[in-house]
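Reviewing the structure listed below.
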Amino acid sequence: MKRLAVLLISLVILSPSLAMGEAGVIIPSNIKDRPDPSIVSLAHMHVRVNIVDQYATVRVIQIFENKIDRDIEGKYIFSLPDQAQVSAFAIWEDGVRIPAVIVERQKASELYEELTSMKIDPGLAETGDIDEQNLFTVMVYPIPAHGTKRIELTYTAELPVQSLRSQFTLPLKPSLYSEQTAGRFQLDFDFRSSQPITGFQQRGSSLQMDFREKGANAVKGSFSGQQVPFIEDFAVEYQLDSQESSLAVTTHRDKRQWQDIGPLSGGARFSDSSGYFAAHAVFNESGGAGEAEPLKLVLAVDTSISMQWTKLTACFKAVEYFLRGLTADDQFTLLCFNDGVEEFSQQLQPATAESVGGALEFFKRRYLRGGTDLAAAIERAKLLAEESGATVVLITDGAPTAGEVDNNAISATAASAGDAKLMIFGIGNDARADLLRRLASENGGHFAWVSESEDIDFKLARFLEALSEPVISRLALNVEQDANLDSVYLNKKTSVFDRSDVTWLGRYLTPATATMQVSGYLEGSRISLESEVDLPEEDLSNPQLPRRWAQLRVNHLLRQIDLSEDPAEVAEMEKEIVFLSRKYMFVTPYTSFLAAPRSLLRPRAMKAGDPVLRVKTVQGITAVVARFPFGLTKPLHYSEDDDSWETRFLAPASMRDGRYHVDLYLTDQEGTVYHELKQFTVDSKPPTLRLETEAEAMQPGRTVTFKIYADSDTREIIVRIDGLMPVEARWDPEEKANVARITLPADMRPGTYSLKISAVDFARNTAVLSDSITVEESK
Amino acid sequence: MTGSSPKIWHAGVFIGAIVSFVALGFFVIAVLVFNPAEQTILDIQENVRLERDSTSETALRRTINMENGLFPGTRFFPSAAGSRDALLHDNKLYIATSSALFEYSPAGSLLRDITYLNGLPAADFSDLARFNEELYLATSEGLALVGTQAVTTFTSKLHDNNITAMAVFNSRLVLGTESGQLLSFSSDGTISDEFIRIPNAPDSAIISVEVWRGRLAAATREEGLYLLEGGAFRVLDAGQGLPSSSISAVLATEEALYVATMAGLVRIDAALQQRVIPDTGMVSAIAAGEDGELICGTHAGELFTTDGQFKRTLLPASTENPSAIQAIVNTGGRTLVLTGDNWFFLTDDELKPFGDSREQFLKAPHISALTTDDKGNTWIGYFDRGLEVRSAGMRRSGDFIREELRYVKCLRYDSLTGAILAGTSKGLHFFEPGGGVSTLSADDGLISNEVNDVIRVDEGLIVAATGGGISLIKEEGVNSLNAFHGLSSNKALSLGLIFKAEENDSKQIAIGSLGGLDLLDSDLSITSYSPDSSRLPAHWVSAISPVDNGLALGTYGRGLAFLDAASGELVPGTEHNQTSINPLAMLTSGKLLLAGTLDSGLLVHNPEAGSWHQIIDLLPSRNVTALAAGNGTYLIGTDRGLVILEAGSIHR
């Protein structure tokens, strides 16, 4: 044998986790398993960012160029930021713009069956959907030999305010694939805010924007360049300059007709007589003054199996950030939970360097275990917090699998465990944001989320600041002429803190003037903000308002459907959801994105690992046979568990490392045979590693730079120093090396510490480089 | 080799040496040929006669008397899966599989199986032909003439000996080879490419040779059909009208030549007009049926007939357990269908099983794991066909076949509970002595479903090495560790235990992985060995086995290494250090360490004596994939079946 078990093969595979953080890349999936600019390059990219009152609309145009002399089948991947929604998508083919449309899910399925029976693949559902990890993927076929493919994508996102600070990030930096370079890159940035802002700054330095306007209420800038490498995200941050709480209202009313261009709609035309308004309140009752009270925290950290890989690294980083951000006046304890709960200490400890170090070591030595008893962890943490007046900080991906797993039951358990505030930091693209958001909201807390691959510092900082912000309770929007308003919704599902913002979105039936009043209570004191509002006959200046409102309306209807036991009522609500989804172009549980209608849907999902060939096909395929380059022809068997076809194969010992292809032959129910080529790579060699260390002196408190040179197929490099948290080395284009910078703790004792650098390549070959560092006493 | 005479043992070693030398090439063979001072007969032993071709001096002929058998005390269990061809000869039906030739009476009684133990090459078999009233078998190590008393194997030092197809043409036996050559074998035993040579030979194996209307048709695996007519070859491929250049089978009838490509079956008439027959994709085997119909089998396992227009399915393909139709053969007026699993006669559209004694054949040839239990049962894990249990006499134990477990990675007998622990691609399975079966998977907390090895550490702890790290299985639950906790790699391959002499109950768990070796203490501290930090010769530690003073480590590509438990010193083995040790293919037996290799047979090492011994001749394949011991025998799994050796034969 066992050539199989020992030759590791990375097949043409794209598991979603491999693609996080990618902003508009095309994988030439019939040739390679990752982007390769020598095959498909990004010739041109134009991004227009438009931010109006904390609502961002991002339009992306990308032109990809096929550099080889054969057609390419590509997979386009765009990683959407948190809470972002795709609002438009189009592919150009032969000079024709083919826009994506929203289709009712059931009808999409019927349409799909119909098209596939005609041997035309519509490429919908799985290829045009947004998955749980907020990845938008679509198959693109063909990209003609030496031709180009133009793709347009627009998405929208709300930008939350915390501690009066906010940020916008355009994800450009790849998390896994090597960097992408745009032949030409143009970025136009247009920011408007009714609330004045201050401290506007761009983070990072690789895209030096030319800001031609930088005012209190508007910022405009642009960047243009050639051969621009995407080595970091474009990100800006700023502070709302609100000396006191304020309320601003914007409106929109457009009575013109619109046409439903969905493939099953018949081009029906509609009009909307409603007007829309957004009431945006920014709170700053404390004025940022006053000395913060010492913090008391119970950190509950998820150490279940689902937290393995990069999520665990991000989790450690978060815990370390929180603990090292505490002062000796603060108190804390740490719980690690999976199917059980383990406590660092049953009493809160002063956050001394020693106790923080002990807690981190305690965390590091916890096993990963199967099962997540989220309810038990919250219950235990809240009870501990209740005794000491502490706040619970829960760090998890929120996937309960043990104990209570029902959302309502977990919610009830949390509610019954006392009144301690529950702050939740969700980690991972697959985090159960819906559940975690709800738990935070119901327990007076705040929810923040990061993907496992993004730079989490900003969100950690805001989250930590929010720990000491007081909650505003009993928030309400009151309007004198209430009958003129319809379906008013709050855009936040979690608690609202001082120095943050909140928006109500609603409809008005007839033009009028009105007085809107926002009220609430902060630490027992009543807050009241008022604004005289003109609800106009026509206002086309805020076209984003109807769509924002529609999204909140759909969320509301989905909750009502959960509660309703009346089938007729449910049917009516479902109908409205489908209508709103199609009108405003966003995916719901009842609709699918039908994109790139001419793409071919053929087997494409193969998983990495040992040489087990896995192929996912459309329904109706009755047989799959693989023909390997070394002469083996083998039928694949269907695995119902995985809904895929698979076979284990034996690569001969004479097969050298390199890329090969396997021919796949698929037969459908009518006996028609389809032929597909898939690539795989035989890689039996671990990455080679070379280390350079840069440090003036290895002393406590100093930052040490480790430069690691590794093979190009290396996907992950982790640097471990005995007793410190592992740090991932990232590619630094200036250094032309993978760089990890580690700050030695101020309390690190002089001595020799083992240094271990592990590198894993795409075939999961692992190399380990062992060394040591000697830490001297501080001078 | 207990029970064999020293003389026979000598013969065995001699033949082994010849086989090895053939593999090594021209120079070594030339030495053998010329040494016997210009004599045609090179050597004669009790069972073996070795000759050279006296005219060209390029061919080697080895004749072995099969009646006496070559290695008494060695038993070989081939598989009936991987059927290749069938032929009626001398009123007996011969069925060739990938590693055995079965001789049946027409009624279906097994008369004998002929394997490498009877003189056939230890090779892959591919085709049968009758030439000059004799039976010939094409093998990957030459052409074998199978007589009633002896097997003669013909090889040539000038040409490819991996023969993949045969046909009789112009009083010669035409041979197609894996490298795309056409050769001719004449009745005087010479092999030549002069009689028939393709000017621009394909760079693809010839999978079938047929004679059709005076033409010779050679079908290649990837480069279409080569048709010899009027002294010249013409090529029919995808550029010349075939739906695909990938050919799976060819059938010549009086009216037409049928070429099965992956994209459809093509009928070629006398004027070389081509027509694709509808609904015939992925055909792997064809035979002529009644009334001009064709009987076709597919790679996916469907059997159907077609009249050229309409298709009629006789046996649908299975989606769960597809097994290709490997050959359809007309034998004495009956149609024999060979699938990967079964042999059938097709009568009146019904399939009737053919052949007795099938229970003695293994489910599949490729064995990936072996173990024995305290009842004397042998548990056989297959590369991709699940597992089965054989009783002490190697009889199939009832219907205990668990094909759904698919990819078996390891089988371990748990002496504490009497259970068999089976690691597969679907988790860890516990086969209790009472018959109960339970499974632990990722749903139950296992860090990955890919379980590569498992070991019992003590009464309360079992450790599984998985593709995602290691899982520590206790009654109260499963804890897991991976690279984040300091393991060299998440991909753990093998496990072992080190007993600390100074502490009675203290053990370290040794974890072999893609990144090296880790030793895990009970306090979770980890000591790592990698090629960069130690004398570990390779990153991949594929097998671990206890030896007197520590552990033997099998690496992939760099032979063995030894870890001294007391000092922690790791040293590479002194010999065979370019060898790949197959995953978990190591066994400690008494003072001997046995290691199965990827392409070097079985290594036997006696650390005390410092001796190394390589066993190849006793095996059907150089690829030794699994090892076990029981009842005074060694069980040796290969990719061509199971061998049972009496322990004495190795100890000597």
Taking every heavy-atom pair that is under 4.5 Å apart, which of [options] has the most such pairs with chain A?
options                        : value
B/P322, B/G515, B/A300         : B/P322
B/A442, B/G301, B/G445, B/G596 : B/G445
B/S284, B/S533, B/S488         : B/S488
B/G637, B/A538, B/S489         : B/S489
B/L524, B/T280, B/L472         : B/L524

Less than 4.5 Å to any heavy atom of chain A: does that hold for the side chain of [X], its backbone, both, or neither?
X      : result
B/Q326 : neither
B/S621 : neither
B/E222 : side chain
B/S530 : side chain
B/I207 : neither
B/H299 : both

Indicate yes or no for a side-chain donor-acceptor contact from [X] to the backbone of [Y] under 3.5 Å, with no hydrogens or angles considered.
X      : Y      : value
A/K756 : B/G486 : yes
A/T401 : A/T372 : yes
B/T466 : B/I447 : no

Taking only residues two or more places apart in sequence, or in another chain, which ones meet A/A710 in a side chain to side chain contact (heavy atoms under 4.5 Å, CB included)?
A/L689, A/T714, A/I717, A/N738
Least distance between heavy atoms, B/F304 atom then B/K311 atom:
CD1-CG, 3.6 Å
Residues in ring-ring contact (aromatic ring centres under 6.0 Å, His included) contact with B/Y529, at least two apart in sequence or another chain
none
B/T625 side chain to B/T638 side chain, donor-acceptor N/O pair below 3.5 angstrom
no
A/H637 side chain to B/R406 side chain, donor-acceptor N/O pair below 3.5 angstrom:
yes
Please test A/F363 against A/F316 for ring pair (Phe, Tyr, Trp, His ring centres under 6.0 Å), starting from the C-alpha separation and ending with a verdict.
CA-CA 8 Å; A/F363 186 4; A/F316 265 103; 4.2 Å; yes
Quick one: of A/G340, A/G631, A/A767, A/S770, who has the most non-hydrogen atom pairs under 4.5 Å with chain B?
A/G631
Chain B shares the most heavy-atom pairs under 4.5 Å, among A/K634, A/E646, A/R366, A/R627, with A/R627
Would you mind checking which part of A/L769 comes under 4.5 Å of any heavy atom in chain B, side chain (CB onward), backbone (N, CA, C, O), both or neither?
both
Go through the atoms of A/R365 and report whether side chain, backbone, both or neither lie under 4.5 Å from a heavy atom of chain B.
both
Taking only Lys NZ, Arg NE, NH1 and NH2, and the carboxylate oxygens of Asp or Glu, determine whether A/R369 and A/D339 approach each other closer than 4.0 Å.
yes
